[in-house]
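Treat the numbers as computed from the prediction; the structure is a model and nothing was measured.
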Amino acid sequence: MSEITSLLSGKKKEEDNGSLRRRSFGSFSRFGPDVETSGVKPSGDSISNIPLVLEDWHRRSMSAQADAASKTFTPQHKKGKSTGQLGLTQRNRARSFVQNIDGTMVSMTPVEMGRHELYEEVPFLAMSGLQRKEHSLSVAFSSYAAQLDALETDEYQYATTGKHLNPEDKEKRLSQMSLLLLDELEVDAITVTTPLIFAVLIASMLMFNMGYNISVMNAPEPFVFPGHSTSAWSMAVAAFCVGGPLGAVLAGKWADQRGRRGALMITTWLFIFGGLVQALAPSLNIVIVARALIGVASGASTVLVPIYLGELAPPNLRGVLGTMTQFALVIGILVADLVGFVLANPTGWRYMFLLTSAMALFQLLMTPFLLESPRWLLGRNANSSKARFIIKKLRGFRYDEEVETEVEHYLGASKSQSLQTDSNSGDNSGRKTAKNPMLEMFQDKKVRLLVISTLVMQVANQFSGINAVFYYSGLFFDGVIENPLVGTTLMGAINVLATYVALLLMDKCGRRTLIMWSSAGMFVSCIVIVISLNGYFSNMVALGAVASYVCFFEIGLGPIPQYLPMSCRQWLIVAEMFEGKYVTTAMSISCQLNWACNFFVGLFFPYINKSLGAYSFGPFAIVLLLTFLFAWIYLPETQGTTPAELQAELVKKNAGRSYHNMDIEGMASHVPPTQDEWEEALAMLVEQGDGEDKVGLNISQSLSSNN
C-alpha cells in the first residue's frame with residue numbers, strides 16, 4: 001500500500017526521523033475512503049492574489065476583525081457544515097497532509113500548517129512593532145490555503161460531474177474559507193492562559209525596575225552626599241551605562257547555560273544586591289559601583305525579557321507582549337518621578353534607592369510561578385516531558401495530540417531560524433568560513449548601506465539628547481519652573497502617553513516616514529527650547545517645547561532604532577533590515593554602540609549645560625538635522641512586506657510540495673478524540689482489521705459516532 005493511500009486510510013503510523021510525520025487515526029480522503037487524490041500544487045498562475053474580503057484586513061483592529069468575521073459566517077459555517085451553495089455534501093473529517101519534494105509526508109490540518117508558518121517566520125522575540133507582521137502572515141497564509149482548498153474542490157467537482165466551479169461559487173468559497181482559517185489563526189492573539197499572564201507580569205517587573213533606575217537619580221541629586229562635584233555625580237549617572245553592555249553580553253551565556261528562568265533569577269538577585277549597596281552606600285564612590293551593578297542587571301533584562309516571553313508566547317502574541325514590557329519600562333520611569341515627591345529629601349533618598357531591592361525581592365517571591373522556556377528545554381532534549389507539561393499549561397491544551405503538534409512547531413521553527421542565523425558561518429559545501437561577520441557585511445554592497453543606516457540610527461537615538469531629559473531634567477528645569485520635579489513628572493507622564501500613540505502609528509506608517517517626522521519635530525522643538533531659554537518666549541513655551549520634544553522622540557527615534565533606555569526596540573529595525581544570517585551580528589553591534597553613546601550623554605551633558613547654558617540643546621539640534629537629511633536621502637523603508645508579497649513568497653517556498661485534503665471547512669469541526677475514543681478505535685481496529693480498505697473507514701465511523 002502506497003504512503004499516500006496509507007495516510008488517506010489512516011494506517012500510516014510510523015514517524016520518520018526529523019520529519020513532522022504523525023499517526024493519524026480517522027484520517028481519510030475528504031472525498032470518500034476509496035478516492036486517491038493526486039493533490040494540488042501551488043503556482044503563480046493558480047494562486048495569484050488575496051481575496052477581496054481579506055484586503056486591508058491586517059490594518060483593522062482586533063475588534064473590527066472579529067466583527068467582520070462574525071458578519072461573514074453563518075452559524076452553519078462556524079459549525080463546519082457544508083454551505084450547500086456549492087452543491088457539495090458534508091465533508092468527512094480528514095487530516096490534510098503535504099507531500100514534500102523528497103517524497104516525505106507531513107500530516108497537519110490547515111490551521112496547524114498556518115501556525116507552523118507563523119512559528120517559522122516570526123522571531124522568538126517579544127517586541128513591539130511585530131503586530132503588523134503577525135497579522136500580515138496570518139492573512140497571507142489564510143488566502144494561500146483557501147486557494148488550495150478551492151483548487152482541490154474544483155478538481156473534485158470536475159472529476160465527479162464534468163463541470164468546474166463557476167467563478168461566483170469559487171470566489172464565494174475562497175472568501176469564506178479564507179476568513180474561517182484566519183479566524184482560527186487569530187485565536188492565539190486573544191486567548192491567554194493564567195500561567196502565561198503570571199510569566200508576563202513577573203518578567204515585566206524587570207523592565208519596570210530598569211525604567212525606575214533610569215530616572216531614580218534625577219530627583220534626589222541635591223540631597224545625595226551634598227557637596228559632590230559635577231564629575232562625581234555625572235559618573236554616578238553614567239555608570240549605569242558601563243554595566244549595561246556587560247549585562248547584555250553575559251545574559252546570553254546565562255540563558256544558554258542556566259536556562260531562561262535561571263538567567264532571570266540571576267538578574268533579579270543583581271537588582272536586589274545593587275539596590276541594597278546603593279541604599280547603604282557610605283560614599284558616592286560606592287553609589288557609582290552600585291549603579292554599575294544595576295546597569296548589568298538592566299542590560300541583561302533588555303536581552304532576557306524579550307527572548308523569554310517570545311519563547312513562551314505563541315507567534316500572534318509576541319508583538320503584544322513586547323508592547324506590554326515597553327509600557328512597564330516607561331511606567332517605571334514615571335513611578336521614579338512620582339516617588340521623588342515623597343522621598344527626594346535629606347532623610348528619604350536612601351529609601352528611594354532601596355525600592356529597587358524591594359521590587360526585585362517581590363519578584364523573587366513570585367518566581368515559583370515562573371515557568372522555564374519550553375524552547376530551551378526542547379533544545380536540550382527533544383523528548384523532554386517537562387517541556388510538554390509547560391506547553392500544556394501555557395496553551396491550555398486538553399489533548400496530548402495538541403501538545404505534540406505544538407512541540408513540532410517549536411522544533412521546526414527553532415531549526416529553521418537557527419539555519420538562517422548560522423548560514424553565514426559556512427559555504428555551500430558545509431565548510432566553515434573564516435570571514436568576520438562585520439567585515440562580510442561591509443564588503444557586501446547590498447548590505448553595506450543597511451549597516452551604516454543602523455549605526456547612524458543608534459547614534460541619532462542617543463545623541464538626539466533624550467537621555468539628557470531623563471537623566472538631568474531636574475537640572476534642566478531649574479529656573480524654568482518653580483518646582484523642577486513637577487516638570488520631570490510631567491515629562492514622564494507624556495512619555496507614557498506618547499508610547500501608546502507611537503504603537504498605533506507604527507502599524508500604519510512606514511519606518512522611514514516616522515524617523516523623518518520624529519527628527520524634524522525634535523529639531524524644531526530644540527530650536528524653540530533654545531529661543532525660549534534666551535528670553536524670547538516664556539518659560540511655559542519652553543516647557544511645552546520639551547513635551548513636544550519627548551512626544552516626537554517616541555513616534556520615531558524612540559521605538560524604531562532604540563536599544564536603551566527603551567528596552568530592545570532597536571531590534572525591530574535590525575530584524576526588518578537584515579537577512580537572518582546577519583541579524584545577530586547587527587543586533588550585537590547596535591547594542592554596544594547604543595550603550596556607548598548613552599554613556600557619553602550621561603557623562604558629558606552636565607558639562608555641556610554648564611558651558612552652553614541656554615544653548616545646551618544646540619548640539620542636539622544639529623544631530624537631529626543631520627538625521628533628517630540622512631533619512632531623507634539614504635534610509636531605506638523597512639516597514640516589511642504586505643500580505644500579497646508574503647503570499648507570493650509562500651507560493652515560491654512551497655512550489656515543490658503537493659497538498660492533499662486541504663479541507664478548511666472540515667477542519668473547523670475536527671476535535672481531537674478523547675482517551676476513551678482512542679481505546680474504542682483501537683479495539684475496533686483489532687476486531688475488524690481483516691481488510692486494509694476497511695480500517696480507515698471503521699475507525700473514522702467509530703470516532704464520529706462518539707461525537
Side-chain angles (χ1 to χ4, degrees), residues 201-202 204-224 233 236-237 240 271-272 274-276 278-279 287 290-291 294-295 297-298 301 323-363 466-503 539-540 542-544 546-551 553-554 558 564-567 602:
L201 292 178
I202 297 170
S204 296
M205 290 174 67
L206 287 174
M207 302 310 300
F208 178 90
N209 223 340
M210 177 184 172
Y212 181 84
N213 281 279
I214 286 171
S215 190
V216 73
M217 299 292 284
N218 213 333
E221 186 270 336
F223 312 106
V224 180
W233 186 256
V237 173
F240 180 81
F271 271 122
I272 293 174
L276 285 173
Q278 189 174 11
V287 172
R291 286 283 292 173
I294 293 173
S298 298
S301 298
T323 299
M324 292 180 65
T325 57
Q326 183 61 38
F327 271 107
L329 188 139
V330 296
I331 291 172
I333 294 175
L334 176 60
V335 169
D337 298 334
L338 294 172
V339 169
F341 282 102
V342 179
L343 298 179
N345 54 60
T347 60
W349 63 268
R350 290 186 183 274
Y351 295 104
M352 194 171 179
F353 291 159
L354 191 60
L355 283 177
T356 296
S357 297
M359 289 183 289
L361 183 60
F362 176 74
Q363 180 186 353
I466 190 64
N467 279 335
V469 174
F470 289 123
Y471 290 156
Y472 299 108
S473 58
L475 178 66
F476 173 77
F477 285 124
D478 189 19
V480 176
I481 190 172
E482 183 177 353
N483 185 354
L485 190 54
V486 173
T488 300
T489 305
L490 180 61
M491 294 306 103
I494 290 174
N495 188 34
V496 174
L497 295 175
T499 299
Y500 175 73
V501 174
L503 295 173
N539 287 341
M540 293 306 296
L543 185 63
V546 175
S548 171
Y549 171 86
V550 173
C551 287
F553 173 80
E554 284 295 343
L564 216 165
M566 302 303 170
S567 182

What closest approach, in Å, do [X] and [Y] show between heavy atoms, and which atom pair accounts for it?
X	Y	answer
G340	L485	C-CD2, 3.4 Å
F208	M359	CE2-SD, 2.9 Å
V330	T499	CG1-OG1, 3.7 Å
A279	R350	O-NH1, 2.7 Å
V546	M491	CG1-SD, 3.3 Å
I333	G211	CG1-O, 3.3 Å

Atom pair [atom1] ([X]) and [atom2] ([Y]), whose distance is rounded to the nearest 0.5 Å:
X	Y	atom1	atom2	result
T325	L201	OG1	CG	12.0 Å
T489	I494	OG1	CD1	11.0 Å
N209	L329	CG	CG	10.5 Å
I294	S357	CD1	OG	7.0 Å
M210	S204	CE	OG	13.5 Å

key: Full working for side-chain contact (heavy atoms from CB on, under 4.5 Å) between E221 and W349   = CA-CA 9 Å; E221 186 270 336; W349 63 268; over 6 Å; no

query = More than 12 non-hydrogen atoms from neighbouring residues, nucleotides or ligands closer than 6.0 Å to CZ on F362, yes or no?
reply =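 No, not enclosed.
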
Keeping [X] on the side-chain end and [Y] on the backbone end, is there a donor-acceptor pair under 3.5 Å?
X	Y	answer
N213	G295	no
N539	I481	no
Y472	G602	yes

message = Checking L343 against L355 for the side-chain contact (heavy atoms from CB on, under 4.5 Å) test, could you report, in this order, the C-alpha distance in whole Å, the side-chain angles of both residues, the deciding distance, and whether it holds?
response = CA-CA 11 Å; L343 298 179; L355 283 177; 4.2 Å; yes

Does the side chain of [Y] come within less than 4.5 Å of [X]'s, by heavy atoms?
X	Y	result
T347	F223	no
F353	M217	yes
N218	F470	no

ask   = Stepwise, does the side-chain contact (heavy atoms from CB on, under 4.5 Å) test hold for M207 with M324?
value = CA-CA 10 Å; M207 302 310 300; M324 292 180 65; over 6 Å; no

inquiry  = Looking only at side-chain N and O atoms, does T488 offer a donor or acceptor that is under 3.5 Å from a partner on D337?
reply    = no

task = Could you check Y351 against V339 for side-chain contact (heavy atoms from CB on, under 4.5 Å), going step by step and ending with a plain yes or no?
result = CA-CA 10 Å; Y351 295 104; V339 169; over 6 Å; no

task = Just jot down the ring pair (Phe, Tyr, Trp, His ring centres under 6.0 Å) partners of Y549, sequence neighbours excluded, or say none.
result = F617

